Amino acid sequence: MIARSLPLLITLGWRNLWRHSKRTLVILFAITLGVWFMIISAGMMIGIIEQQLQDTIMNLTGHAQIHRPMFRDDPAIEHSMPPPSDALRKILNSDDVKQWSMRVRQPAVVMSERESRGVTLVGIDPAREKGLSFIGKPVVEGRGLESVDDSGIIIGRRMAEKLQTEVGKRIVIMSQDKDNEVADRGFRIVGLFQAELEATETAYVFTGLKTTQKLLGMGDDISEISLMTASREGLDPLVQRLRQAAPRLEAKSWKELEPLVVTAMALYENFMIFWYLIIFIAMAFGLTNTLLMAVFERTRELGLFQALGMRPRFIVGQVLIESFILLAIGVVIGNLAGVFTTNVIFADGIDLSAFSRGMEQFTMASTMYFTLRAKDILTINLLVIILGLVASLYPAVKAARFVPVEAITRT
Amino acid sequence: MGIIFSLAWRNLWRNRRRTWLTAGAIAFSTLLLVAWVPIQFGTYDIMINASLRVFPGHAQIQRPGYQEKPEIRNAIDNAEQLAETLRGSNELYQGVAVRAQGFALLSSGSRSYGAQVVGVQPQFEGDTSSIPGLVKQGRFLSAVDAQEVVLGSALARNLKLKVRDEVTVLGGGKDGSVAAVILTVVGIFESGSNEFDHYFAEMPLHTFQDVFSMGRSAHAIAIVGKSLEYQSQLLAALKGAISGRDDVVVLGWDELLPGMKEAIQVDKTFGFIFYGILIAIVVFSILNTFLMSVLERTREFGLMLALGVRPQRIASLMVLESALLTLLGLVIGLVIGTALVYWAHVVGIHYPGVEELAEQFNLPDLSRIYPQMKLSNFLLGPVSIFIFTNIAAWIPILRVRKLEPIEAMRTI
């Protein structure tokens, strides 16, 4: 019966809305503003999280890593591992892995003529770092590393400032070799790399993998294998297979390697629901109030409907449909405005380089990008419509409770 | 005025449901801002204090240029005498400590790690920095010339060192010579900050000066004032105290940690944009109440006009009505909000799961937040809500002045 009368109820709801067009437009604007605000704040938060995640993965983490079990706790040379076995190599060269590379990492001291600093010396295979970490990108000054035998060194742009040195000059790297003896060697700076965070630029210096192995006297041994998967979903099964192929090594996905990023993501996502609710409550007062006014000025008419035989639940339905139309229009315009704001107005991100040192404090890059996920838009839309209907129940039920005779005779 | 006031008050209660809903919307947003702004500012206080108290202090005296380029050569001569003249000369200085700092390689039998090494005055360092109090194993340094060192917990773990073990410190001296010394580890501190625990070691000032061939010069005098509220007085006093010397400068915390100040600015800017949009949503959400209260009374206003009431008087009645309504909401929101904030101020707010994050950002104390109880923080939200809702109320009120009595009385 309800289904049959639905077109009638929709027509009634629609016409009722425009009996007071100014009032409807005001509340529509409040709903649109609320939905728009929810969408851009979601886009902003997810954008920040995604960017941090991306930075973490590109910061020599990769989607997964393999090391000796002791290495993560104590990244010292005695916890290095042999190059991958054939079984492991087979998986690494399969289609599930987009890119993989071997690295040597060793804490070291870098000394220029004037200054010295603590760094991590990283020996890399330059060709394999492309698409795997930030060092795969071109350098900003000088040249990049060319092969695993390259004996030049690349340091961060801001590291060069701290060391008061430049491309072409020599620096000394001092570290500890396999036999716990001090190993040192002069390197010529061939290039400067740039990273979003100053902390990254000052944390690492890069040279060829073989050069590092020779300096530290570690033969063919390496510290870690880092890899990128072809798909996000395939990561966990891949890590499982790596574990089986190399039972004495430790294979871990980025979720296990960087638990803080995972915690932060969960925290942000929970906070967002809370944030949506706050915005919703701010506009729900207006929605309830407006519908209540609309119902009360129609007391006589609703009484007449009832006297003519309309059932109370149809009156409830009529008010709810009126509210649904209102919410649906607000949600649609809000979505469009939100998408327009994030994907057109701020398509190139918000430039916050004026606050770059402050962003560094939050480990954030100085350009902030919005990321809209279908999931978040859906959550917002459902939340607004469902809770909006819940907020309309009070005026709807109030309308159905009018006693016909009293209502008609009221002026 | 009296009659207008009682008219306005009675008009409010002609539609009790609507009045309460509107007041509720205002109360909700007031509650939100009243509770949120002090927490926001309280968070800044904690961020600043936690970061400053670990090591930098509220202000430092350094040689010009040392902050940008911390070179070992750029040292203050007779730093201890200067510190001595400051100490106790002004009640604003709660702590004054001299430091010399440099980078060195620390080696145990099997391991070597680079670290920031600081020479401190053991008897005064505790007044400016929390590190002496954070020694979890062993003790802090005993005398200004003892052959001792305290290490960050992660550094000690990486070096595989325990209390009473020996460590070799190797670095470059002020005159370019090699600085090397063997020291006994007397204590291991845990600050909760990743950076300090991994890359930080403290040794007595005179030992540092001897090892690094610095004579009696040092790099910084750290000063801690009574609290951050007295920061400007503290800086003024310090500038006065060093006015005789042109080889040193005073740096406030915002210059020592420029990132912190910018981080707060970013957060504040975003915070205010968010509050602004939230207020806009509330304003539009309640605008209908004001709109309807004018529209539905067109007849009544027509009658009043016909009876000789001036339009200005009706307008002022409406203004008073909306002001009373807003105030009602504000008071409810303020009372509940203040009670909540006061409760939070007493017990502190604890977010589960935030400790790990706070540690990553070098903010060890952030896991418990105490709202900043300041009048301006409480009033900021309510005052802006009051202003904006009343601006909204004016829009329908302007209609009253255009009303023609006869026509108005005819409308239903």
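All values reported here derive from a predicted model rather than from experimental measurement. Side chains included, hydrogens not; waters and symmetry mates left out as well; all remaining heavy atoms used. Within every chain, numbering begins at 1; the chains are lettered A, B, ... in the order of the sequence lines, protein sequences first and strands thereafter.
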Discussion item. Are the side chains of B/Ile281 and A/Phe37 in contact, using a 4.5 Å heavy-atom criterion?
Written reply: yes
Practice prompt. Look at A/Glu78 together with B/Arg111 and state whether they make a salt bridge at an N to O cut-off of under 4.0 Å.
Written response: yes
Worksheet item: Got B/Tyr113 and A/Gln176 here, is their nearest side-chain heavy-atom distance under 4.5 Å?
Response: no
Worksheet item: Is there side-chain contact between B/Asn288 and A/Asn289, with heavy atoms separated by less than 4.5 Å?
Response: no
Worksheet item: Does some side-chain heavy atom of B/Asn15 sit less than 4.5 Å from a side-chain heavy atom of A/Phe296?
Response: no
Worksheet item: Are any non-hydrogen side-chain atoms of B/Arg18 and A/Met293 less than 4.5 angstrom apart?
Response: yes
Worksheet item: Relative to chain A, which segment of B/Leu32 carries a heavy atom at a distance below 4.5 Å: side chain, backbone, both, or neither?
Response: side chain
Practice prompt. Check whether more than 12 heavy atoms from other residues, nucleotides or ligands sit under 6.0 Å from atom NZ of B/Lys261, and answer yes or no.
Written response: no
Discussion item. Once you measure the plane-to-plane angle for B/Trp36 and A/Phe274, does it fall in the parallel (<30°), tilted (30-60°) or perpendicular (>60°) bin?
Written reply: tilted
Worksheet entry | Contact origin within A/Leu33 toward chain B - heavy atom pairs under 4.5 Å | both
Worksheet entry | Reported CD1-to-CZ distance for the pair A/Ile278 and B/Phe274, which is rounded to 0.5 angstrom | 11.5 Å
Worksheet item: If you tally heavy-atom pairs under 4.5 Å against chain A, which of B/Val282, B/Ile277, B/Leu291 wins?
Response: B/Ile277
Worksheet item: Given the options A/Met111, A/Gln164, A/Glu181, which has more heavy-atom pairs under 4.5 Å with chain B than any of the others?
Response: A/Gln164
Discussion item. With a 4.5 angstrom heavy-atom cut-off, is it the side chain or the backbone of A/Phe280 that approaches chain B, or both, or neither?
Written reply: neither
Response to the item:
Within residues 20-29 of chain B, the residues sitting under 4.5 Å from chain A by heavy atom, in sequence order, are B/Leu21, B/Thr22, B/Gly24, B/Ala25, B/Phe28
Response to the item:
Ranking B/Ala280, B/Gly102, B/Ser285, B/Gly114 by heavy-atom pairs under 4.5 Å to chain A gives rank one to B/Ser285
Practice prompt. Return yes when atom OH of B/Tyr199 has more than 12 non-hydrogen atoms of other residues, nucleotides or ligands closer than 6.0 Å, and no otherwise.
Written response: no
Discussion item. Nearest 0.5 angstrom please: B/Ile72 CD1 to A/Ser116 OG, how far?
Written reply: 8.5 Å
Worksheet entry | Within-4.5 Å side-chain heavy-atom neighbours: A/Met283 and B/Phe284 | no
Fill in: Region of A/Ile77 that comes under 4.5 Å of a non-hydrogen atom in chain B
neither
Discussion item. For a 4.5 angstrom cut-off between non-hydrogen side-chain atoms, does A/Lys398 reach B/Arg17?
Written reply: yes
Worksheet item: Among A/Ile281, A/Val119, A/Ile279, who wins on heavy-atom pairs under 4.5 Å with chain B?
Response: A/Ile281
Worksheet item: Taking atom CD of B/Glu68 and atom CD of A/Glu161, what is their separation to the nearest 0.5 Å?
Response: 12.0 Å
Response to the item:
So, the part of B/Ile279 with a heavy atom under 4.5 Å from chain A: the answer is neither
Worksheet item: B/Phe103 and A/Arg117: which non-hydrogen atoms are nearest, and at how many Å?
Response: CZ-C, 3.2 Å
Worksheet entry | Enclosure of B/Arg14 CZ (heavy-atom neighbours >12, cutoff 6.0 Å) | yes
